[in-house]
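Okay, so here's the structure we're looking at.
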Amino acid sequence: MIGKHVSFMQWLHLALTTPFEAFEIAATLILGEVGRWCLGGGKLREKIGDLITCLLIFYLVRPWIPILPAIAGVKIRPGAIAIVIALLGGHSVGNLLAYYFRKRTGIDIKDLESKNKTEQNTQNNS
């Protein structure tokens, strides 16, 4: 498993031993950064950023869809999950995931995010 700080040689080793996994990781990281950049712009950039975010969220939850329990006797299909993610949008799904994470772990991701922004602003101002 790759940690937070990875050397160039570790990336090179990963790319040579498991090229598909390395490509998947790199593409996910690049798409995440492009999506984040797009969310900070005008209307068109926000729409593109939300699309990228929704695609990444679906990519994240897709492996877990087959093991979801049936709701009222109806098995949930991947297409239905994709439609729900698209209709809710990346921000709403992110808020739902943060709420679920807080309920399961007691850690408030939104609070951590706001603390990080405050720390960055104080560092930039000094």
- Task: Report whether Ile57 and Tyr99 are members of the same hydrophobic cluster (ILVMFWY, side-chain heavy atoms less than 4.5 Å apart, transitive linking).
- Result: no
TODO: Look at the side-chain heavy atoms of Ile, Leu, Val, Met, Phe, Trp and Tyr, link any pair under 4.5 Å apart, and say whether Leu56 and Ile48 land in one connected group.
DONE: yes
Across all chains, not counting sequence neighbours, the side chain to side chain contact (heavy atoms under 4.5 Å, CB included) partners of Arg77 are none
So CD1 of Ile30 and CD1 of Ile25: to nearest 0.5 Å the spacing works out to 12.0 Å
**Message:** When you compare the side chain of Ile85 with that of Ile81, does any pair of heavy atoms fall below 4.5 Å?
**Reply:** yes
- [ ] Would you mind reporting whether His91 and Leu39 have side-chain heavy atoms less than 4.5 Å apart?
- [x] yes
Closest heavy-atom pair, Cys54 versus Gly90, reported as atoms and distance to 0.1 Å, is SG-N, 3.4 Å
Treat each ILVMFWY residue as a node, draw an edge where side-chain heavy atoms are under 4.5 Å apart, and state whether Leu60 and Phe101 are in one component.
no
Worksheet entry | Side-chain donor/acceptor of Arg62 to backbone N/O of Pro78, under 3.5 Å | no
message: Do Val61 and Val93 have side chains that approach each other closer than 4.5 Å (heavy atoms only, starting at C-beta)?
response: no
Any donor-acceptor pair under 3.5 Å linking the side chain of Lys103 with the backbone of Ala98? no
Leu87 meets the side chain to side chain contact (heavy atoms under 4.5 Å, CB included) criterion, sequence neighbours left out, with Ile83
task = Tell me, yes or no, whether the heavy-atom count around Lys47 atom NZ, taken from other residues, nucleotides or ligands under 6.0 Å, exceeds 12.
result = no
**OP:** For the pair Ser7 (side chain) and Gln10 (backbone), establish whether a donor and an acceptor sit closer than 3.5 Å, ignoring hydrogens and angles.
**Re:** yes
message = In this structure, would Ile71 and Leu96 fall into the same cluster of hydrophobic residues linked by side-chain contacts under 4.5 Å?
response = yes
In short, salt bridge (charged side-chain N to carboxylate O under 4.0 Å, His left out) pairs touching residues 24-43 with sequence neighbours left out are Glu33-Arg36
| query | Is any side-chain heavy atom of Thr28 less than 4.5 Å from a side-chain heavy atom of Phe23? | reply | no
For this session: Please confirm whether the backbone N or O of Pro69 pairs with a side-chain atom of Lys75, one donor and one acceptor, at under 3.5 Å?
Result: no
Examine Leu44 and Val34 and state if one hydrophobic cluster contains both, with Ile, Leu, Val, Met, Phe, Trp and Tyr joined whenever side-chain heavy atoms are less than 4.5 Å apart. yes
